Amino acid sequence: MTSNSAYPCAHEWIISLTQQEDEKQLDLILITALQTILFGCQLGVYISKFINEGLAPQQIYFGHDAIVLNQEQSLEYLNKVKKSKLHLHETPENSNVAIPVYHFGKVIGFVIAKGAVVGDLAKITVAIHVLNIYANHLYLLYRSQLDPLTELLNRQTFDLKLLEMITEQGYKKRRADYKEQRMWFFAMLDIDFFKSVNDNFGHMIGDEVLLLIARIIKNHFRSEDYIFRYGGEEFAILFQCQQIAFAADMLEKLREKVAQFNFPQVQHVTVSIGFTPLLQFEMVPSLVQKADQALYFSKSNGRDRVSNFTDIDPHTLLKHQYGHQEPELF
Ligand SMILES: Nc1nc2c(ncn2[C@@H]2O[C@H](COP(=O)(O)OP(=O)(O)OP(=O)(O)O)[C@@H](O)[C@H]2O)c(=O)[nH]1
């Protein structure tokens, strides 16, 4: 991409950025734009993809010359740019600039550029504008991944995320952020006798129950975990724990929280949960089937309980399959 003016033209990048429907493509366009605008610089690009100011931004540029920071350093830089907007650091042997990435006044990441551009405010200003457009479009893409009622990730995003997680890159990349090794787990959760909630209290109250349960689940897990509204009254959870016993405990506590919650009008609602460890390179349908079978086991053994697929006798599993291979769409 070229420009006739002395400084790179931001318009071309804005058009390219706002045309993207895929987050990875959007990142790629941003990196190319920054490499052109801040030509000759070594770059580090760190963004919080959840549009969440509290989270450590993640590296999104992995080129051989990328500036690599650990989680602590990236939080440190985030705080620096929050305080001083543009953080310039100049010594005879090393000069770099940290540029904040804003979304609606919140700093959701930063770009570090090392090299001759540090004193060139015109180029840095173009980079800031391009980063603003990137952040706005990232937010729109992010919103399109959410279920409008619960604001959890929607069913359309489920396959993509799960596929991403079971490939080597996704599985390892996220684990490496933690000091200790963690495993991923996949759980399916279904509200018990939800039809009777609708029948007895009406659809609006049913929706409120869905919303409240979605909130309970979201607050129960870490912001790095993934919570999906999988179907009508069914949720899927991808989460990390050090070991299977902790995962079971985490889900048991979630079950308890729902069972003890005082829902307006309906008062008492329970959920059934099935889960399985996420094996790297496992196929998505096989993973869903395992969690689904564990969920069925919970349903057919009294509901309001958590079942671990790996604990269930395979003979029992062969006999039963929870009757919704295709999720109910909403
Ligand atoms: N209010 C509301 N209801 C929904 C929504 N999506 C699905 N449902 C209802 O969820 C109910 C699911 O009922 P069933 O599949 O029979 O399951 P259940 O009554 O929960 O029974 P078990 O799962 O066997 O415990 C149906 O009545 C759907 O209409 C929604 O977005 N809002």
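Here the structure is a predicted model, which is why all the values come from computation and not from measurement. Both ligands and their constituent atoms are indexed starting at 1 by order of listing.
Between Y46 and F110, the ring planes are parallel. Angles under 30° get that label, and only those over 60° would be called perpendicular. Between Y139 and F104, the ring planes are perpendicular. Angles over 60° get that label, and only those under 30° would be called parallel.
With a 4.0 Å cut-off on non-hydrogen atoms, D207 touches ligand 1 through its backbone as well as its side chain. The proximity of L149 to ligand 1, defined as any non-hydrogen pair under 4.0 Å, does not occur for either the backbone or the side chain. At a 4.0 Å heavy-atom cut-off, ligand 1 touches D190 through the side chain alone. When heavy-atom distances to ligand 1 are checked against a 4.0 Å cut-off, M204 has no atom that comes that close, whether in backbone or side chain.
Using a distance-only test at 3.5 Å, with no hydrogens or angles considered, no donor-acceptor pair links the side chain of S16 to the main chain of W13. D147 places no side-chain N or O within 3.5 Å of a backbone atom of R155 that could act as its donor or acceptor partner.
Counted by atom type alone, D27 and Y134 present one or more donor-acceptor pairs between their side chains at under 3.5 Å. No hydrogens or angles considered: nothing links the side chains of S196 and D199 as a donor-acceptor pair under 3.5 Å. Donor-acceptor pairing under 3.5 Å is recorded for the side chains of H220 and K257.
Shown in contact with D192 at under 4.0 Å from a heavy atom are these atoms of ligand 1, numbered in order with element: 20 (O), 25 (O). Within the listing of ligand 1, atoms 1 (N) sit less than 4.0 angstrom from a heavy atom of G206. Here is the list of ligand 1 atoms found below 4.0 Å of a heavy atom in F193: 18 (P), 19 (O), 20 (O), 21 (O), 22 (P), 25 (O).
Within the structure, the closest approach of R229 to ligand 1 falls below 4.0 Å when heavy atoms are considered.
Considering each of E234, K195, E208, the one bringing a non-hydrogen atom nearest atom 11 (C) of ligand 1 is K195.
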